[in-house]
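Side chains are part of it too, since the values below use all heavy atoms of this structure and drop only hydrogens, waters and symmetry mates. Chain A is the first sequence line, chain B the second, and so forth, proteins listed ahead of strands; every chain is numbered from 1.
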Amino acid sequence: MFLKRNQINLSVLFKNVYQIHLCGFSNKEVNSRMRVLNVAEKNDAAKNIAGHLSGGNLQRREGFSKFNKIYEFNHTFQGSPSTMIMTSVSGHLLGYEFQGSYRSWTSCSPLELFHIPVVKECPKDFLNIKKTLIREVRSCNALVIWTDADREGENIGFEIIDVCKEVNPRIQVYRATLSEITKPSVQRAISSLGPPNKNISDAVDVRSELDLRIGAAFTRYQTMRLQKVFPEVLAKSLISYGSCQFPTLGFVVERYKDIQNFIPENFWKIKVHHKIENLDVEFSWQRVRLFDEVLCNVLYERCQENPTALVLKVTKKPKTKWRPVPLDTIELEKAASRKLGINAKETMKIAEKLYSQGFISYPRTETNIFPKELNLSNLVQLQVQDNNWGDFAQNVLNNGPSPRQGKKSDQAHPPIHPTKYTHGLQDRERKVYEYVVRHFLACLSKDAEGEETIVNIEINGEKFLANGLRIIALNYLEVYPYDKWSNKQIHNYNQGQSFMPTRLEMIDGQTSPPNLLTEADLISLMDKHGIGTDATHAEHIETIKSRLYVGLENNKYFVPGELGIGLVEGYDNMGFEMSKPHLRAELEADLKKICEGTKSPLVVLREQIAKYKEVFIKTTEQVEKLDQSLGKYLRAQPVAFQNNGQHESMTVKNIRKCPVCKLTNLVLKKKQNNQGFFVSCSGFPTCRNSYWLPPSVIEATVSDNVCSQCSGGIKLIKFQFTARSMRPHYPDTYEGCINGCDSTLCEILQVNISRPSSSSSSTQPSNRNIVTTNQNRGPNRDNNVPCPTNNLSRTGSSQNIQHLNNDQVCCQCGNAAKLLTVTRETANKGRQFYGCSKPISATDRCTFFLWADDQPMPAAGRPNTQFNNRNNGQNNYGQMNNSYRARAVNNQSGGQRKCGLCKQPGHTRRNCPQN
DNA sequence: GCAAGGTC
């Protein structure tokens with residue numbers, strides 16, 4: 001599909017590219033020789049591709065990296081004689097990292113790792129490679145990407161493009177697609193170049209960024225918390241989480257638990273022996289076994305009544321044992337672990353060394369089919385000289401190599417095979433090399449041949465059978481001692497013949513649990529469930545060993561460690577299948593859609609971040625389950641966790657779903673300077689909805705209690721206000737809902753989280769209309785205001801107090817309200833408002849507040865709309881606690897002040913929205 | 001001190 005699309009676009013692309021190219025250069029440049037920079041994924045590939053394109057006529061020179069050489073040769077490019085410069089990277093050139101100070105674990109809450117910026121940058125080790133690219137591309141007109149034809153290769157290609165375009169933005173970019181590095185393939189690739197595929201690269205970027213954010217957030221959170229909760233056991237442990245390491249751990253724990261929970265069952269069966277001289281042939285029961293002892297005994301007694309065996313049938317048929325399929329990485333790892341006693345990680349290390357010395361082909365391959373272009377005979381010929389397998393190799397040559405082909409191809413590398421003969425290796429290197437050679441010769445030879453004999457007998461109605469095997473030709477087994485196949489002798493029987501068994505017995509047994517997982521089993525499970533890649537299975541296993549999540553029993557079987565099983569069980573108890581292999585199935589499907597161009601990478605990133613962030617927040621909410629589970633296995637009492645304030649979001653509780661993005665939740669946060677609080681969407685910065693609580697809130701925590709008025713499980717918030725900063729009847733501590741139902745609280749705070757905040761498009765807090773004191777924020781100012789008198793009088797000589805002319809504004813006390821002016825240095829300085837006329841020091845002073853003008857405030861200073869809304873005189877005290885509610889209700893007593901124009905309570909004619 | 005993916 002991909003190739004086809006590229007090929008279709010090719011003629012158009014080249015036409016355009018060539019025209020652009022001509023436009024971009026001076027005549028002198030056009031007339032000069034083309035210089036083309038070619039970049040492969042690794043040096044080895046660059047060397048071979050250059051070799052094929054140049055026919056061996058090339059010059060090698062050094063780059064800045066000693067591992068990545070530069071090969072220069074002449075070749076026709078797009079019809080023009082050109083100078084080709086071929087070099088390489090070493091896998092990914094760039095990697096995602098958190099920016100600057102965020103690399104420090106104490107710089108921010110782990111929760112913020114879901115959103116803080118990440119950058120793609122070149123690790124120190126690869127700076128020399130980058131320098132080579134920068135130097136070389138400056139003088140080139142075109143860039144050809146020769147990275148592997150897989151997702152990662154496409155992404156590495158774009159990393160190369162990004163680096164090159166930074167210094168040569170006009171460079172024209174092409175993608176060469178290879179299925180293997182052979183002369184015909186390389187020739188085909190250079191003559192059918194296409195554009196690189198951004199979709200595929202984007203999918204890898206999404207995956208990488210998610211892995212970093214999710215891995216780092218959980219790792220930092222787990223580590224920092226559990227080190228403190230179990231200081232004696234885990235003080236120095238790194239307790240990591242990763243999308244591959246956790247499911248790998250999960251497999252080990254699951255098998256262990258299967259064994260622990262296994263309940264053995266008793267069974268019974270009948271066995272028949274027929275011994276002549278020294279050969280005892282055992283016949284097995286066709287019913288295999290019964291779980292009912294009485295029934296088995298009945299059948300056994302029936303056999304005993306007439307024990308003569310009648311031979312029903314004797315079948316002889318050819319039996320073959322198949323030679324192995326060509327060797328891929330997974331099979332090498334499994335075989336080395338099972339047959340050579342070398343674990344997967346060590347095996348790969350050895351194989352990489354053998355590869356770098358030229359003894360074997362590239363050891364990271366998913367391919368088990370030999371490409372047609374590979375000259376197998378030449379490779380076999382190299383082995384003829386060996387004392388142990390040389391004769392066998394000669395036989396293979398004589399018969400012609402006939403590979404048994406598998407079904408997998410990564411379109412990048414051939415199966416693992418020897419590329420050079422050596423007999424000078426020692427120990428483990430020798431073992432691995434020998435295995436590769438023997439496997440190679442075995443898969444090119446013939447299947448083992450034998451003859452199987454099956455004898456069916458009957459004893460008084462019960463049927464039994466025995467089989468024998470006669471090996472006719474060992475074939476591949478001669479060179480492959482890792483497989484066992486042996487003769488099994490059996491007497492000569494003829495159909496219709498009778499004989500008397502030498503022994504007839506009923507035996508009992510018990511079902512047994514499965515074995516613990518071996519490394520080979522674990523690799524098979526990872527492969528089956530798509531955990532990691534062929535190149536990384538061994539590393540993930542090594543990781544969970546080094547983190548003490550698992551250990552080895554008898555140096556062979558994996559058992560979970562206390563830490564590993566405690567973690568898995570803790571997350572299971574929370575209801576999160578963090579250790580289950582299907583957790584990322586949805587992401588995998590989305591990545592495929594990105595590759596196909598049917599889903600935007602940004603959307604996938606946003607959705608996946610939201611999903612994992614939700615899991616993270618819920619984890620913090622019930623993290624005690626993790627403590628308990630670990631405490632059980634570590635046999636340690638969890639120490640109560642003290643949040644020292646460094647990570648204010650170590651415990652995060654959702655308040656409600658964000659009304660703006662509707663994806664993630666609103667959470668309570670401390671401001672950066674630790675002075676005050678705000679409520680914001682946990683999807684920041686994708687969603688910037690936020691609500692800033694006034695400075696009078698000196699402490700705020702999300703309660704476990706849910707609002708009884710609002711639907712959807714809105715969490716209440718416990719507030720502590722500065723002493724006497726609220727209205728006189730308002731308590732300093734108060735638990736309430738800020739979702740709109742508690743209009744009084746919402747008005748005091750000027751926050752209503754049921755609707756988007758006025759600052760939802762900004763990351764900065766809005767400048768609030770701070771008046772002289774917080775007392776001036778009267779929640780009831782438009783709410784059933786009693787006013788016993790229509791006559792306002794001049795009640796003071798302060799400059800802030802002014803005549804009200806025909807507007808009649810009364811405060812809650814029933815007195816004429818004072819007209820005051822904001823004197824603080826705020827956005828509202830100079831603005832007038834009405835307040836209670838009693839002295840600020842008066843204990844019975846009410847908190848009435850009303851802006852005197854109805855001019856719109858500047859956007860930044862506009863208070864939450866709830867503050868200005870009229871509420872039609874309805875009682876909105878439903879959410880207050882009892883003591884406060886009682887006072888509040890008392891304060892409503894008296895008549896209602898209504899507008900002369902619209903007849904609605906709560907405002908004056910002058911302020912009437914209909915005016 | 002975090003992940004997983006390339007590679008040396």
Indicate, with a heavy-atom threshold strictly under 4.0 Å, whether [X] touches base, sugar-phosphate, or nothing.
X	result
A:Arg584	nothing
A:Glu352	nothing
A:Ile239	nothing
A:Gln222	nothing
A:Asp148	sugar-phosphate
A:Phe218	nothing
A:Tyr355	sugar-phosphate
A:Ser208	base
A:Ser90	base
A:Arg207	base
A:Gly532	sugar-phosphate

Of the listed nucleotides ([options]), which one gets closest to any side-chain atom of [X]?
X	options	answer
A:Thr223	B:dA4, B:dT7, B:dG1	B:dG1
A:His540	B:dG1, B:dT7, B:dG5	B:dG5
A:Ile129	B:dA3, B:dC8, B:dT7	B:dC8
A:Tyr362	B:dT7, B:dA4, B:dC2	B:dT7

Integer-rounded Å distance: [N] [atom2] and [X] [atom1]:
X	N	atom1	atom2	answer
A:Glu121	B:dG6	CD	C1'	17 Å
A:Phe126	B:dG5	CZ	P	16 Å
A:Tyr96	B:dA3	OH	P	18 Å
A:Leu591	B:dA4	CG	P	15 Å
A:Ile544	B:dA3	CD1	C1'	15 Å
A:Phe98	B:dC2	CZ	C1'	8 Å
A:Asn43	B:dG6	CG	P	19 Å
A:His413	B:dT7	NE2	C1'	10 Å

Looking at [Y] and [X], is any side-chain nitrogen of the basic one under 4.0 Å from a carboxylate oxygen of the acidic one?
X	Y	value
A:Asp162	A:Lys120	no
A:Lys349	A:Glu352	no
A:Arg364	A:Glu41	no

Fill in: Aromatic stack A:Trp105/B:dG1: centroid gap under 5.5 Å, interplanar angle under 30°
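Stack criterion met.
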For [X] and [N], is the shortest distance between a side-chain N/O and OP1 or OP2 below 4.0 Å?
X	N	value
A:Ser240	B:dA3	yes
A:Thr536	B:dG5	yes
A:Arg364	B:dT7	yes

Worksheet item: Hey, do the aromatic rings of A:Phe576 and A:Tyr571 have their centres closer than 6.0 Å?
Response: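 No; A:Tyr571 has its ring centre 6.0 Å or more from that of A:Phe576.
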Fill in: salt bridge (charged side-chain N to carboxylate O under 4.0 Å, His left out) partners of residues 524-541 of chain A, not counting sequence neighbours, each pair once
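For residues 524-541 of chain A, and leaving out neighbouring residues, there are no salt bridge (charged side-chain N to carboxylate O under 4.0 Å, His left out) pairs at all.
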Discussion item. With nearest nucleotide decided by heavy atoms, which residue, A:Glu539 or A:Arg547, maps closer to the 5′ end of DNA chain B?
Written reply: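 On the 5' side of the pair lies A:Arg547.
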Worksheet item: Quick one: on DNA chain B, does A:Thr533 or A:Ala235 contact a more 5' nucleotide (nearest heavy atom)?
Response: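 Final value for this comparison: A:Ala235.
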Worksheet entry | Check against salt bridge (Lys or Arg N to Asp or Glu O under 4.0 Å), A:Glu152 and A:Arg207 | CA-CA 11 Å; A:Glu152 297 297 329; A:Arg207 196 265 311 144; 2.9 Å; yes
Discussion item. A:Glu136 and salt bridge (charged side-chain N to carboxylate O under 4.0 Å, His left out): which single residue from A:Arg61, A:Lys69, A:Lys131, A:Lys130 fits?
Written reply: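 Among A:Arg61, A:Lys69, A:Lys131, A:Lys130, the one that satisfies the salt bridge (charged side-chain N to carboxylate O under 4.0 Å, His left out) with A:Glu136 is A:Arg61.
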